[in-house]
Amino acid sequence: MSAGTAKLNVTVAEVKPVNDLVTRFKFVRTGGGDLPTFSGGAHTVVEMQDGDITRLNAYSLMSNPADRGAYTISVRRDDQGRGGSRFMHTKVKEGMEMVISNPVNLFSLDLRAKKHLMLAGGIGITPFMAQMHQLSMMGGHFELHYAVRTASLGTYARELSERYPGKVHIYHDDQNEAIDLNTLLANQPLGTHVYVCGPKGMINWVHATAEEMGWPREAVHSEEFLAPASGKPFEVKCAVSNKIVQVGEHQSLLEALEAAGIDAPYLCRGGACGQCETNVIGYDGKFLHYDHWLTDEQKAGGKHIMPCVSRFEGKTLVLDR
Amino acid sequence: MTIQFNDETFYGDFTFKNSDWAIKRFPFPFHEDSYMYSVNMEPHKSYRPGSVFERTFDVDEHYVSEMKDRARVLANDPLRCQSLPHMTLAGWDLVELIMEAKAAEYPDLFELHKDGNRWRWVNKPLGIDDTFTFLDESTLPYGPMEYITRQTQGDFAVLDQRDDNLWMDAGMVTTQADWSLDFDIGMNFFEWHAPVPKAHEMGIFVRALKFLLNIQQGQPARRLNWTMTINPLLDTSPENYHKWGVMKQGLTRENIGDKQHLRVELQTFFRLPRSNALVFPIRCYLISFNDLVKVPKWARRLHRVIRDLPEELAAYKGFIDNRPLMVEWLSQFDDGSPTSDGIWPDDD
Ligand code: HEM
Ligand code: FES
């Protein structure tokens with residue numbers, strides 16, 4: 001069964017530049033009415049009709065989960081990326097109608113935690129904003145450590161410091177300030193859970209440091225949005241539907257399958273959920289596995305691919321789709 | 001149609017009875033003449049008006065009496081309802097899910113009026129009219145999960161999702177097929193399924209868990225499960241095995257049609273929005289063999305399924321000793337003619 005994400009029709013109610021790199025978007029339900037409640041850490045997948053290409057990017061919901069009137073997201077412009085963020089920055093205007101998915105949470109709070117220690121880097125701040133709303137409503141105990149490049153690029157840093165006095169610590173790269181992770185982790189009360197969202201290097205650093213210091217694996221949580229990697233175009237044969245599909249440079253394999261009218265399941269579109277797992281029938285070439293789902297043996301085995309993020313280079317690839 | 005609620009018991013004198021309406025809409029679980037475990041999950045979409053698949057939470061003629069039976073079981077054993085402290089938010093999610101669905105789908109029976117967080121809930125069949133503050137526990141007579149599941153048919157397991165697994169951290173379990181919430185509380189998906197034969201080796205649980213972890217808001221799923229019960233007993237719990245286990249010994253050719261019941265569970269799966277937990281309602285439907293064989297297709301098929309069921313399953317489901325008698329009795333309704341695909345009676 002293909003678990004297509006349930007869709008919501010929304011209208012852009014506000015487009016607000018936050019700083020040189022980041023713009024905030026507010027969505028309300030087209031025609032009025034409440035949006036579904038969500039939990040802090042959830043994301044929505046935004047559909048972008050960019051000429052012939054449909055782009056689907058996942059963005060964390062940053063608004064108060066209890067506010068069913070509107071959702072807000074923040075998008076960082078990525079000039080190296082595939083153009084989803086550029087589309088959001090240049091094409092999306094107030095009043096425009098768009099389609100987004102129901103909220104999906106792959107980065108939820110562990111509600112058993114005695115304390116929630118949040119570590120954010122750059123635009124990785126957004127899921128924490130919804131989580132802090134939720135925790136402050138429930139009287140939960142949290143603390144945010146937020147690394148930004150410069151004060152002017154410190155998206156929402158000032159607002160958050162004002163909203164949660166004493167709970168927010170900002171670190172500026174350009175002033176050589178850095179999170180002293182060892183000391184921070186060493187001084188946490190028993191029952192603390194750590195959450196990290198930011199660049200890959202930061203996530204790996206937090207996991208490695210916590211593990212060295214003996215933190216249980218299940219007390220350290222991370223979410224990393226893998227932007228589907230661009231790469232060389234390639235061709236796939238789909239054995240079940242009997243179609244040959246071209247995957248473009250800026251298109252993911254999953255997007256190419258969808259464009260060819262092939263029923264391809266997906267959920268997270270970010271290499272995390274496992275829903276899009278596809279069997280490989282034959283290949284001659286090299287896989288570029290970018291997902292977090294397959295085990296290393298599976299990746300080496302050449303029998304599976306996650307079309308939402310992974311690619312292929314070589315002569316032939318035949319899929320069971 | 002307005003439902004006529006039965007006044008009946010599920011213990012003692014066992015006055016439980018299905019009307020012709022209830023027989024016709026019974027969720028017969030076998031779509032073919034044999035049965036084996038599988039990852040049998042499908043979207044929980046409204047399907048076949050009048051059937052048990054039409055509404056989000058099915059309400060039928062047994063509603064009021066089932067809720068009385070639940071209250072009776074809870075009075076004797078309060079541990080049938082438990083919720084670990086971090087599951088309270090999920091309980092509120094469940095309150096919202098059930099109240100919104102029932103008020104929308106059964107407007108003649110249930111009403112929900114919201115004024116911000118001030119909610120008024122009217123449950124006409126049970127004579128309840130309560131006003132409370134959403135997310136404020138002190139305004140309800142019970143915890144939120146207990147409050148709403150005392151008013152909703154079926155057992156409820158509320159699963160916390162973390163560390164790529166599901167954890168049975170809350171539940172209301174009074175109509176179970178021989179498993180215990182008090183025993184399973186805090187266990188994960190693989191731990192509480194440990195006693196099930198064959199399905200582990202078949203890879204069913206690994207795949208099912210993958211699917212469940214991915215269930216998202218607005219996209220519930222469902223599956224059917226089944227077993228056998230002597231007498232229309234909802235509470236077949238391990239805690240009370242000493243009371244109902246002995247009933248299995250009294251089955252005879254003369255009383256089997258009346259006493260032997262097919263027990264079917266309609267299991268559904270919903271993502272809960274605030275807590276990101278998963279709720280697993282397990283709704284139990286009972287039908288006596290006498291009523292079941294009124295549908296000729298079901299009679300023929302049940303005979304074949306029970307006759308050919310693998311030993312391990314018959315043993316796990318607890319009817320291996322009575323199987324020869326069941327097969328013999330059912331065989332008189334099986335002339336060997338073919339049965340049509342699917343679970344529905346032929347005369348539609
Ligand atoms: C998260 C939701 C679920 C819960 C809370 C749950 C709970 C249980 C429990 C408590 C039992 C009884 C085990 C015992 O003997 O003590 C059971 C049995 C079983 N479960 Fe699940 N289950 C869930 C989902 C599933 C799913 C999705 C599948 C398969 C697709 C499944 C397949 C089975 C099977 C085959 C049995 C044996 C039933 C029989 O033969 O009567 N379960 N489950
Ligand atoms: S869609 Fe989630 S792993 Fe591909």
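These figures come from a predicted structure and were not determined experimentally. Residue numbers start from 1 in every chain, and the chains themselves are labelled A, B, ... in the order their sequence lines are given, proteins ahead of strands.
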- Message: Please find the pair of heavy atoms, one from B:Gln217 and one from A:Thr37, that lie closest to each other, and give the distance.
- Response: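 Answer, listing the atom of B:Gln217 first, then A:Thr37: NE2-O, 2.6 Å.
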- What is the minimum heavy-atom distance between A:Ser39 and B:Arg274, and which atoms define it?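 Distance-wise, the nearest heavy atoms are CB-O, 3.0 Å.
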- Task: Could you verify whether a donor N or O on one side chain and an acceptor N or O on the other, from B:Gln216 and A:Asn102, lie under 3.5 Å apart?
- Result: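 Checked: B:Gln216/A:Asn102 side chains show no N/O donor-acceptor pair below 3.5 Å.
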Can you tell me if [X] has over 12 outside heavy atoms packed within less than 6.0 Å of its [atom1]?
| X | atom1 | result |
| --- | --- | --- |
| A:Lys26 | NZ | no |
| A:Glu211 | CD | no |
| B:Lys114 | NZ | yes |
| B:His31 | NE2 | no |
| B:Phe190 | CZ | yes |

- Query: What parts of residues 86-96 of chain B touch chain A if we use heavy atoms and a cut-off under 4.5 Å?
  - Reply: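 So the qualifying residues are B:His86, B:Leu89, B:Glu96.
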Euclidean distance, [Y] [atom2] relative to [X] [atom1], rounded to 0.5 Å:
| X | Y | atom1 | atom2 | value |
| --- | --- | --- | --- | --- |
| B:Asp164 | A:Leu106 | CG | CG | 9.5 Å |
| A:Met138 | B:Leu135 | CE | CG | 9.5 Å |
| B:Asn276 | A:Leu111 | CG | CG | 9.0 Å |

- Take A:Arg217 and B:Asp163 through the salt bridge (charged side-chain N to carboxylate O under 4.0 Å, His left out) test and state the conclusion after the steps. CA-CA 9 Å; A:Arg217 192 175 50 88; B:Asp163 209 21; 3.6 Å; yes
- Message: Any non-hydrogen side-chain atom of B:Arg162 less than 4.5 Å from a side-chain atom of A:His221?
- Response: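 Sidechains of A:His221 and B:Arg162: no contact.
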- Item | Leading residue by heavy atom contact count with chain B [cutoff under 4.5 Å; candidates A:Ala42, A:Pro103, A:Gly40, A:Ala113] |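 Highest number of heavy-atom pairs under 4.5 Å: A:Pro103.
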- Item | Heavy-atom proximity to chain B below 4.5 Å, by part of A:Asn105 |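 It is both, since atoms from each part get that close.
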